[in-house]
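To start, the structure itself, in C-alpha cells.
Quick caveat: nothing in here was measured; it's all calculated off a predicted structure. So that the names make sense, note that chain A is the first sequence line, chain B the second, and so on, each numbered from 1.
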Protein chains: 2
Amino acid sequence: MKTPKISEAVVRRLPVYLRCLQLLQDLNIRTVSSYELGQKLDMNPAQIRKDLAYFGEFGRKGIGYEVDYLVEKIKQILKLDRSVNVALVGAGHLGIALSNYNRYTKEKLSIAAIFDTDPEKIGTLVGSLTIQHIDELERSVQEHDIRIGMITVPAPYAQGVADRLVQAGVKGILNFAPVSLLVPPDVHLRSADVTTELHALAYYIQE
Amino acid sequence: MKTPKISEAVVRRLPVYLRCLQLLQDLNIRTVSSYELGQKLDMNPAQIRKDLAYFGEFGRKGIGYEVDYLVEKIKQILKLDRSVNVALVGAGHLGIALSNYNRYTKEKLSIAAIFDTDPEKIGTLVGSLTIQHIDELERSVQEHDIRIGMITVPAPYAQGVADRLVQAGVKGILNFAPVSLLVPPDVHLRSADVTTELHALAYYIQE
DNA sequence: TAGATTGTTAATCGATTAACAATC
DNA sequence: TAGATTGTTAATCGATTAACAATC
C-alpha cells in the first residue's frame, strides 16, 4: 500500500464508497463491479477503479470487487480500523444533535469529550458524556488522545476554539460555525456549515 | 452580467467571499483588495479576482473592491436578494438544531416549513413554525413556493423523502442523512453528512 | 508621477475519462 | 473458449496560478 500523492478529492470519495459497500454488506451481496458502484453513486466507473488502484489491487479482473474485503481495505486506508477520538466543542442544539451521531454504531471513530463554557451546562450528561468546561480541553485532549475537533460554537468564538484545539495537538478540525477559520498547514480543516451550502444551492434554483 | 459557464467550484466559493465581506462591513471597512481577501481566506488572490470577473467588473484598478457594493453584487449573483423558501424534512435533534439557523438574521433565505411523521411531534411548534405531517409536503411546497429541501431523516428514509421533494418541484436538496441519494439531473444535490466528513479527516490524522 | 491593483490572457497544473491489454 | 471486468496508460478536459497591460 504505497501512496504516491493522493489528492483530497480521492480521499473525500473513499468514505462514499465505504458507505455504499456497507449497504451492500447488509444485503448480503458478495461481489460488486465498478460499473454497478458507479450506477448506485452516479459516478464514472473508471474513476472508482482509479481511486481504489492508488492504494492497491483490490479487485479481480472479470469478477469485480469482493465487498467484505473492500470494506476492510477502505477502513484500513482511512484509518478507521483503529480508534479515533473526537472532541466536540459547543453543547448547543447542533452540538447535542451531533453528539449522538454514532451512539448506535460500533465505529471506532467516536466522540470522547464535549465542552462548553455555560455554567448551566457543565456537569450535565449528554448520552454517556459529561459536558466539561472548555478549560479542561488541553488536559482532556492529552488524556484521551483526541485527534479531531468538531466546532459547534457561535461564529465569533470559533477561531479562538480552533486555536486552542490546534494548541492542544488536534490534527483535524470540522467546523460548523459560519466563519472561515485559519489553521496551520499541518492541521486539516473542513467546513461543514449550512449557510454556505444553502447559499451555493440558491444560485442554482433560478427558473 | 453574462454567465459563460460557471463551475461548481466557483459557485461554492462565492458564499465564502460574501461571509468575509459581511464581516468587513461590520468593521466599517470600505474597501478591500483581492490580496487582503486572500490573506483572510487563505486563498490565491488571482483566483478571487477571476471568480468575481466571471460575473462582471466589480473592482477598481489601483483601489480594490468597494465592500458594500461587492456584497450586493454577490447577493444578486447567488439570488439571495429575493426570498428563497426552504423546507426541512425531519424534526429530530439535527432538524431542530438547523431550524433556527437564521432565526436572528434578516436573510431572505429562510425555512418556511418543517415536516415529520411522528404523531407526537406533529402540531408542535419549533420557533414560529408548526411541524406538519409529511403528507402536507406537496401542498406546502406549492403554497410557499419552496425551492430547496433539507433532509434530516434517518438514512433509510432519505431517498424516499428526496423523491417526494423532487416530485413536489423542489430544485435543490441539502442532504444530512448518511446515504448517497439519486436525483434527476435538473435537481441540485449537496451532501452535508458528518460521517463522510469525519471519515475523510481520519485519513489525515496519522502521525 | 509612482505605486497599487484590477481584469484577463497564457502557462501550468491536476483531475477525469476513455481505451485497452491483461486476465479471471 | 467467450464474456466480463480490472488496472493502467494515454487523451481529454477543466481548474488554478502566474504574469502583465491597463488604469485608478
Worksheet, complete the sentence: Side-chain atoms of A/Glu57 come closest, of C/dT8, D/dT8, D/dC24, to D/dT8
Response to the item:
Picking from D/dG7, C/dG7, C/dT16, the nucleotide nearest the side-chain atoms of A/Ala9 would be C/dT16
Counting only side-chain N and O atoms of [X], is one of them less than 4.0 Å from OP1 or OP2 of [N]?
| X | N | result |
| --- | --- | --- |
| A/Ser7 | C/dG14 | no |
| A/Arg13 | C/dT16 | yes |
| B/Ser34 | C/dT5 | no |
| A/Tyr65 | D/dG7 | yes |

Worksheet item: Under a 3.5 Å cut-off for both distances, is C/dT9 Watson-Crick or wobble paired, and to whom?
Response: D/dA18
Discussion item. Going by purine N1 to pyrimidine N3 plus the second Watson-Crick contact, or the G-U wobble pair, all under 3.5 Å, which nucleotide sits opposite D/dC24?
Written reply: C/dG3
What is the distance from [atom1] of [X] to [atom2] of [N], rounded to the nearest Å?
| X | N | atom1 | atom2 | result |
| --- | --- | --- | --- | --- |
| A/Glu36 | D/dT6 | CD | C1' | 13 Å |
| A/Phe55 | D/dG7 | CZ | P | 13 Å |
| A/Ile63 | D/dA4 | CD1 | P | 12 Å |
| B/Arg60 | C/dT5 | CZ | P | 13 Å |
| B/Gln39 | C/dT5 | CD | P | 12 Å |
| A/Gln47 | C/dA18 | CD | C1' | 13 Å |
| B/Glu8 | D/dA15 | CD | P | 10 Å |
| A/Asn44 | D/dA11 | CG | C1' | 14 Å |

Worksheet item: Salt bridge between A/Asp81 and A/Lys75, side-chain N to carboxylate O under 4.0 Å?
Response: no
Discussion item. Taking the basic N atoms (NZ, or NE/NH1/NH2) and the acidic carboxylate oxygens, is any pair closer than 4.0 Å for B/Lys40 and B/Glu36?
Written reply: no
Fill in: Comparing B/Lys50 and B/Ser33 on DNA chain C - which has the more 5′ nearest nucleotide
B/Ser33
Worksheet item: Closer to the 5' end of DNA chain C via nearest nucleotide, is it B/Gly64 or A/Gly62?
Response: B/Gly64
Response to the item:
All heavy atoms of A/Ala177 vs all of A/Ala158, minimum pair found to be CB-CB, 3.6 Å
Worksheet item: What is the minimum heavy-atom distance between B/Ala91 and B/Ile114, and which atoms define it?
Response: CB-CG2, 4.1 Å
Worksheet item: Within 45° of the ring axis of A/Phe55 and under 6.0 Å from its six-membered ring centre, is that where the NZ or CZ of A/Lys73 lies?
Response: no
